Amino acid sequence: MTAVVSPTVAEPALAQSTGGRADGVLRLLVRSKSGLAGLIVVVLIIGMTIFAPLFVDEHNPVHADNRWAGPSGDHWLGTDHAGKDVLKQVVLGGRTILYVGFFAAFITLAIAVVFGSLAAYYRGKLDSALLQLTDVVMTVPAVVLLAVVGAFFGLTSPTMLALLLGVITWPVLMRSIRAQVLSLKEREFVEAARLQDLGSMRIIFVEIVPNMAGYILINFIIAVTNAMYALVGLYVLGLAPLAGANWGIMIHQAWTYGAIYLPEGRAFILAPVCAIALFQLGLVMLTRALEETFNPRLSRG
Amino acid sequence: MSTTASGVEAAAKPEAPAGLARRIWHNYVLRRVLRSLFVIWVVTTAMFFMLRLLPGNPVDTFIAQQIRGGSTYESAAATAANLFTFDPETPLIQQYFDYLWALLHGDLGNSLDPGTTVMEQIAASLPWTIFSVGYALLIAIGLGLLLGLVMAYRRGGFLDHSISMVGSTLHAIPNYLFAIIVVVFGGVQLGLFNVSETRGTHTAGVEPGFNFTFIADAFYHASIPVTVYVLTTFGTWALVMKASTITTLEEDYVTVARARGLSGRRIGTQYVGRNAVLPMVAQIATQGGFVFGSAIFVELILKYDGVSAELYAAVNDRDYATVQGILLIMTIVIVFANLLAEIVNSMLDPRIRESESGAVG
């Protein structure tokens with residue numbers, strides 16, 4: 001019985017805070033030109049990363065006699081310091097970075113939502129303890145800690161990197177989720193759910209959290225950009241394991257082999273830089289448009 | 001006369017007995033300071049035990065390496081003890097207190113570089129990072145304030161759109177990639193600056209001191225990193241300032257000020273600007289901390305020998321005492337930057353102090 005009642009209780013609040021259903025969001029998003037452009041860029045790069053291995057041969061042989069070749073018919077973006085095709089590396093080089101970016105963002109978000117909503121709902125000792133924890137974790141600069149831990153404890157798997165990133169970067173988001181829940185829990189639908197004796201866990205995660213869906217989505221995308229920022233930085237500095245080829249490692253190699261001073265090597269350094277910058281830019285334009293959609297007061301400005 | 005009109009000034013001089021307000025104010029600062037010290041202590045402790053206790057910790061790894069290299073466990077442990085400045089004979093808890101005690105005396109241990117202490121290394125590199133990051137923050141915030149104010153006044157205009165576009169585009173590009181682009185295009189391709197000449201913090205041979213040659217040289221060398229920091233952050237400041245200015249413009253006291261016929265300039269600086277700055281102060285600490293932390297990427301790309309570059313070298317050399325010391329100092333710098341921002345914020349907006357004074361710190 002409660003299962004039937006609760007959605008209708010949550011309904012008006014949902015419509016109010018997210019401005020309609022998913023198709024409405026999509027329609028509004030399409031109306032914003034930069035948001036649409038961002039969405040297309042992001043989808044194209046993700047699509048390239050997922051589907052390229054099906055069409056492109058991953059074998060990228062070393063040609064010692066064909067190093068630093070400029071763009072040509074055979075190698076559209078030229079070759080690198082070992083004579084390997086640059087275009088192939090760029091097309092195939094997004095996998096680790098996107099995987100770690102999205103996985104780390106997911107962990108950040110999961111921790112932030114669980115801690116943030118529990119702290120705001122229960123208040124009291126739990127709240128102050130968790131806030132104190134955010135104080136401590138926020139203090140140590142994330143990228144620096146990551147660099148040190150990564151180098152000392154020898155992080156070899158991307159999954160471990162993502163886990164670590166997620167564990168370090170949740171506090172900022174946790175605080176804003178907490179603030180959201182603090183205001184949401186005063187609404188009538190929460191009162192109604194309490195009167196029905198639905199149980200705290202159910203009220204928090206079934207009634208309150210879905211009301212922040214738009215907010216959570218935006219912050220998920222922001223978390224992806226932050227995770228990618230830290231991760232690519234580690235690769236560029238050579239602090240993350242330099243196995244295989246991805247955009248970060250390409251930049252690292254281009255930088256250490258002095259590609260900046262070679263006109264023929266310019267494609268090798270600029271192609272991965274552009275790939276990352278474009279993807280980040282796409283994500284940021286997407287969040288801007290989503291923010292305007294979920295919070296119409298902004299678009300007025 | 002003007003004190004009664006301006007919201008900030010009126011609120012800053014509460015009508016309550018001055019003695020009581022003073023006590024609360026002092027308590028607020030005291031509470032913040034204690035909390036900051038507590039955070040520093042927690043981070044120190046966590047770092048100490050992380051280095052000793054976690055599986056694969058540097059001490060065990062180092063000893064294992066030495067044994068593999070042919071030395072006995074005893075001599076390996078002795079070398080490690082010397083390196084990490086601890087006495088393996090004493091229990092861990094005693095080592096911990098020894099470490100804290102040394103720390104209180106400003107002793108961070110010895111670097112792997114023979115004859116230098118960690119403190120000396122930090123003293124040689126940290127000022128450069130604080131100088132370049134602080135200088136960049138100052139410019140970026142000033143620029144952001146000004147642009148944000150103009151954008152809010154000319155909402156929807158050409159300037160508003162173009163600054164939003166440029167600012168958010170530059171912000172989206174990671175600052176170290178932007179540094180690469182600046183070097184490749186600005187330095188090598190267009191020859192706008194001399195890449196090898198601007199490297200480092202100051203030209204070799206120029207004696208650090210309070211003279212024009214040195215100061216000009218320091219600014220010259222900082223110009224590229226500062227440009228990168230400023231261009232990648234000013235957009236965020238401008239957007240924050242714009243948003244808070246728009247909110248402030250709708251306040252009743254601004255309408256009243258307009259109705260009183262005050263000049264536009266006076267309203268802009270005294271009424272709108274001052275109040276719109278409030279939300280920015282809170283952001284300065286987090287943003288400043290972020291720029292400070294991410295300086296590691298920019299400093300290495302641009303070969304600017306600040307504290308992050310020092311840290312990177314220490315990580316590569318497995319110079320643990322230095323790494324631990326630098327992490328700790330960075331934490332302390334960020335904690336105190338936060339503390340400063342909180343105190344400044346509470347001075348600007350007494351409501352923060354008052355709402356906190358009832359709660360337990």
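Residue numbering restarts at 1 for every chain, and letters A, B, ... go by the order of the sequence lines. Keep in mind it's a predicted model, so treat the numbers as computed, not measured. Only this structure's heavy atoms are used, side chains among them; waters, hydrogens and symmetry mates stay out.
To the nearest 0.5 Å, atoms OG1 (A/T139) and CD1 (B/I332) are separated by 11.0 Å.
Interface remark: of the candidates A/L281, A/V284, A/I251, A/L281 forms the most heavy-atom pairs closer than 4.5 Å to chain B. Heavy-atom pairs under 4.5 Å with chain B peak, among A/V136, A/V140, A/L237, A/D135, at A/L237. Between chain A and the options B/I181, B/N175, B/V183, heavy-atom pairs under 4.5 Å are most frequent for B/N175. The candidate with the highest count of non-hydrogen atom pairs below 4.5 Å against chain B, out of A/L283, A/V232, A/L145, is A/V232.
When all heavy atoms of A/M228 and B/Y176 are compared, the closest pair comes out as O-OH, 4.0 Å. Contact between A/R288 and B/S168 at its shortest, heavy atoms only, is NH1-CB, 2.9 Å. Considering every non-hydrogen atom in both B/P174 and A/Q280, the closest pair reads CG-NE2, 3.7 Å.
Residue pairs meeting the salt bridge (charged side-chain N to carboxylate O under 4.0 Å, His left out) criterion with at least one partner in residues 40-49 of chain B, sequence neighbours excluded, are absent.
At a 4.5 Å heavy-atom cutoff, the contact between A/I269 and chain B is made by side-chain atoms alone. Residue B/N338 does not touch chain A at all, counting heavy-atom pairs closer than 4.5 Å. Contact of B/I296 with chain A is made through backbone and side chain together, with heavy-atom distances under 4.5 Å. For B/F38, the part lying under 4.5 angstrom from a heavy atom of chain A is the side chain only. Of the two parts of A/T225, neither the backbone nor the side chain holds a non-hydrogen atom closer than 4.5 Å to a non-hydrogen atom of chain B. Residue B/L170: no heavy atom, backbone or side chain, is found under 4.5 Å from chain A. Neither the backbone nor the side chain of A/A254 comes within contact range of chain B; no heavy atoms are under 4.5 Å apart. For a residue to count as touching a neighbouring chain, one of its non-hydrogen atoms must lie under 4.5 Å from one of that chain's; by this rule A/V137 does not touch chain B. Looking at A/L270, only its side chain comes within 4.5 Å of chain B, counting heavy atoms on both sides. If you measure heavy-atom distances from B/F185 to chain A, the contacts under 4.5 Å come from the side chain alone.
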Step by step, would you call B/L177 with A/W247 a side chain to side chain contact (heavy atoms under 4.5 Å, CB included)?
CA-CA 11 Å; B/L177 295 187; A/W247 296 333; over 6 Å; no
Please test A/V236 against B/I301 for side chain to side chain contact (heavy atoms under 4.5 Å, CB included), starting from the C-alpha separation and ending with a verdict.
CA-CA 9 Å; A/V236 170; B/I301 294 286; 3.9 Å; yes
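Contact annotation: the side chain of A/V144 never approaches that of B/F292 to less than 4.5 Å [non-hydrogen atoms, C-beta and beyond].
Residue-level contacts of residues 165-181 of chain A with chain B do not occur; threshold 4.5 Å between heavy atoms.
Taking the six-membered ring where the residue is Trp, A/Y229 and B/F297 present perpendicular rings, their angle passing 60° and hence far from 30°.
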